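To keep things clear, I will list the structure first and then write my remarks on it.
Because the structure is predicted, anything quoted here is derived from the model rather than measured.
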Amino acid sequence: MLDTPHPTPAAPCLDQQKLATALSGLHFIGGRYVPAVSGKTFPVVNPATGIQVATAAEGDAADVDAAVRDAARAQKEWAKVPARKRGALVHQCAALLKEHQEELARLIALETGKALRTESRVEAGVVADVFEFFGGLGSELKGESVPFAPNVLSVTVREPLGVVGAIIPWNVPMLLMALKVAPALVAGNTVVVKSAEEAPLAVLRICELMNRVLPPGCFNMVSGMGPECGAPLVEHPLVRKVTFTGSVETGKIVAKAASQKLVPVTLELGGKSPMIVFQDCDFAKTVSGALTSMRFTRQGQSCTAASRIYVERPIFDAFVAEMKKAVDAMVMGDPLDEKTDIGTIISQGQFEKVQAYIAEGKATAGATAHECSAMPSDPALKKGLFLRPVIFTGLDGNSRLVKEEIFGPVTVIQAFDDPEAVLAEANDSEYGLAASLWTNNLKVGLDLAHRLEAGLVQINQNLVVQANLSYGGVKSSGLGKEASLEAMLEHFTHKKTIMVNMA
């Protein structure tokens with residue numbers, strides 16, 4: 001594999017196309033940019049225009065092997081670095097990412113179609129915060145003294161697992177990468193990340209930036225397709241931990257492959273998150289919260305999106321009307337335009353999938369599709385993957401639109417009369433990632449919060465993932481937790497018991 005000089009600028013670059021071109025066709029392995037062993041690349045397309053803006057290295061088993069072996073060599077020395085110093089280095093990475101925050105925001109908007117003002121800048125800021133948070137936790141990698149016997153000193157210590165293989169999706173790739181990489185590094189592991197095919201650029205730039213601080217080989221990035229690049233990463237004998245965010249179907253494949261090596265797996269596999277609205281809620285705050293909860297600014301491409309909204313009957317009609325009015329006021333357009341609220345769907349395949357769900361809902365007897373906002377008028381965007389948000393009413397609980405994760409700007413609003421009945425409906429799902437309740441009666445809210453089958457339940461808010469708040473689902477939404485101290489300890493270290501007989 002030939003070394004490639006760093007083609008990217010050292011200083012923050014606000015010309016997102018220039019940066020995308022510089023990043024084209026490269027992995028980052030062993031502290032340097034390298035092309036794929038095969039020399040193959042695949043296109044990176046701006047979903048707002050349909051124009052190719054870059055290429056990505058099309059990695060396969062040979063690239064994965066090179067990255068993992070470099071990571072394995074680096075891990076032996078990285079584990080010897082005192083934990084607090086590892087944390088300090090990760091904290092330095094956070095400071096560097098803050099300097100490049102606007103650059104990363106513009107780059108992610110270019111490759112994913114997420115609106116710069118409402119989505120991409122937010123993600124870039126949260127990424128730096130995640131690394132800053134975990135950077136301060138190095139001193140928490142501590143063990144215990146176990147009272148075994150008077151003449152025996154018995155203690156436990158936390159040790160890293162080794163090389164971590166991380167596979168990330170395209171919807172919030174920088175944040176989900178950070179939630180995996182930051183705790184793994186602080187805990188003494190090294191990491192190989194396989195980026196999403198649709199969004200390889202911003203995470204590649206982050207990897208290069210962090211390698212200015214970290215020893216070579218600690219953090220590596222490869223790009224490629226799932227079967228050819230992701231599967232070899234999961235199956236590689238030197239990978240001792242796998243962390244994956246994506247679909248349930250792929251998650252099962254990942255878990256099965258990892259089980260053949262008996263290595264631990266963390267899986268975050270999506271959701272069908274309910275939002276329950278009581279008539280005693282703060283109405284204006286709740287309507288605003290519904291816009292946030294549904295992640296309309298991200299075109300609903302979120303596993304925590306409130307795609308099932310249950311509204312108490314006395315305020316049902318008013319709630320639907322106000323929500324439609326609010327979404328109508330949102331501007332859909334060029335993701336890099338400061339006036340834009342809503343960007344695009346990520347890819348043609350996802351666009352067609354969401355359109356099929358919408359068509360099915362419109363064809364359902366008794367259902368009403370409330371189409372919101374307006375398509376952009378700019379001729380330069382005529383080939384963009386823009387899709388008007390849709391609020392459905394009149395669908396019953398057996399509809400596929402109620403049962404299945406659409407991952408698009410589609411939500412279903414249904415009326416309810418009885419809290420126990422709506423709780424049963426909310427729990428009648430294979431998923432259990434997140435949920436929200438909106439009521440001024442905290443007794444009712446807390447009672448239902450304890451009985452909702454979800455890993456994260458919020459009352460009178462629905463924030464996105466935050467550092468220091470345990471995040472992860474139950475049922476088909478996955479295994480394990482992210483974003484917290486417990487996630488670092490339980491998922492990126494193992495506990496060793498050491499006993500000394502002093503008799």
Side-chain angles (χ1 to χ4, degrees), residues 61 64-65 67-68 71-72 75 130 134 158-173 175-196 203 219-222 224-271 303-304 405 430-434 454-456 465 470-496:
V64 169
D65 184 62
V68 172
Q75 197 273 327
V130 168
F134 279 105
R158 290 279 181 181
E159 294 187 342
L161 300 174
V163 178
V164 173
I167 300 176
I168 57 175
W170 44 259
N171 59 330
V172 274
L175 171 59
L176 294 173
M177 177 274 295
L179 290 174
K180 301 175 189 314
V181 172
L185 288 174
V186 174
N189 305 282
T190 54
V191 189
V192 177
V193 174
K194 200 288 263 187
S195 59
V203 290
F219 180 16
N220 309 272
M221 181 79 60
V222 294
M225 307 303 160
E228 293 78 20
C229 189
L233 180 60
V234 174
E235 296 165 2
H236 199 287
L238 295 180
V239 170
R240 304 310 303 160
K241 159 77 183 186
V242 176
T243 174
F244 168 84
T245 299
S247 69
V248 173
E249 294 74 17
T250 305
K252 290 178 179 178
I253 295 170
V254 168
K256 183 177 181 180
S259 72
Q260 300 305 302
K261 303 189 300 177
L262 296 177
V263 300
V265 177
T266 301
L267 303 172
E268 198 271 273
L269 305 178
C303 44
T304 59
E405 185 175 38
E430 69 168 306
Y431 296 104
L433 182 59
L456 174 63
V465 182
S470 183
Y471 175 70
V474 297
K475 299 192 284 190
S476 289
S477 286
L479 302 169
K481 301 292 182 180
E482 295 185 307
S484 65
L485 171 62
E486 68 172 355
M488 180 174 72
L489 296 178
E490 296 302 319
H491 302 308
F492 293 105
T493 71
H494 72 89
K495 185 184 289 188
K496 175 186 284 185

Distance in Å, E268 CD paired with I168 CD1, rounded so as to fall on 0.5 Å steps:
13.0 Å
Hey, what do you get for OG (S476) to NZ (K252), rounding to the nearest 0.5 Å?
5.5 Å
NZ/K261: more than 12 non-hydrogen atoms of other groups inside 6.0 Å
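Yes.
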Does some side-chain heavy atom of [Y] sit less than 4.5 Å from a side-chain heavy atom of [X]?
X: V465; Y: V130; result: no
X: F134; Y: V181; result: no
X: V234; Y: V239; result: no

Closest approach of [X] to [Y] (non-hydrogen atoms, all atoms of both residues):
X: C229; Y: V64; result: O-CG2, 3.4 Å
X: L238; Y: A72; result: CD1-CB, 4.1 Å
X: G270; Y: C303; result: CA-CB, 3.4 Å
X: V265; Y: A258; result: CG2-CB, 3.3 Å
X: M221; Y: V203; result: CE-O, 3.3 Å
X: A434; Y: T304; result: CB-CG2, 4.0 Å

Under the side-chain contact (heavy atoms from CB on, under 4.5 Å) criterion, do H491 and L161 qualify, and how do the steps go?
CA-CA 9 Å; H491 302 308; L161 300 174; over 6 Å; no
For the side chain of [X] and the backbone of [Y], is there at least one donor-acceptor N/O pair under 3.5 Å apart?
X: S477; Y: L269; value: no
X: N220; Y: V191; value: yes
X: K194; Y: A231; value: no
X: N189; Y: P160; value: no
X: S484; Y: S470; value: no
X: E159; Y: H494; value: no

Can a donor-acceptor pair be found between the side chains of T190 and Q75 at a distance below 3.5 Å?
no
Side chain to side chain donor-acceptor pair (under 3.5 Å) against T250, all qualifying residues, sequence neighbours excluded:
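Per chain and number, T250 pairs via side chain to side chain donor-acceptor pair (under 3.5 Å) with S247.
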Assess the residue pair L185 and F492 against the criterion (side-chain contact (heavy atoms from CB on, under 4.5 Å)); give the C-alpha distance rounded to whole Å, side-chain angles, the decisive distance to 0.1 Å, and a yes or no.
CA-CA 9 Å; L185 288 174; F492 293 105; over 6 Å; no
Tell me which pairs pass salt bridge (Lys or Arg N to Asp or Glu O under 4.0 Å) where either residue lies in residues 471-491, with sequence neighbours left out.
R158-E490, K180-E482, E453-K475
Tell me, with the steps shown, if R240 and V263 meet side-chain contact (heavy atoms from CB on, under 4.5 Å).
CA-CA 6 Å; R240 304 310 303 160; V263 300; 3.5 Å; yes
Out of the candidates T243, L233, V242, only one should pair with V254 under the side-chain contact (heavy atoms from CB on, under 4.5 Å) rule; please name it.
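The passing option is V242.
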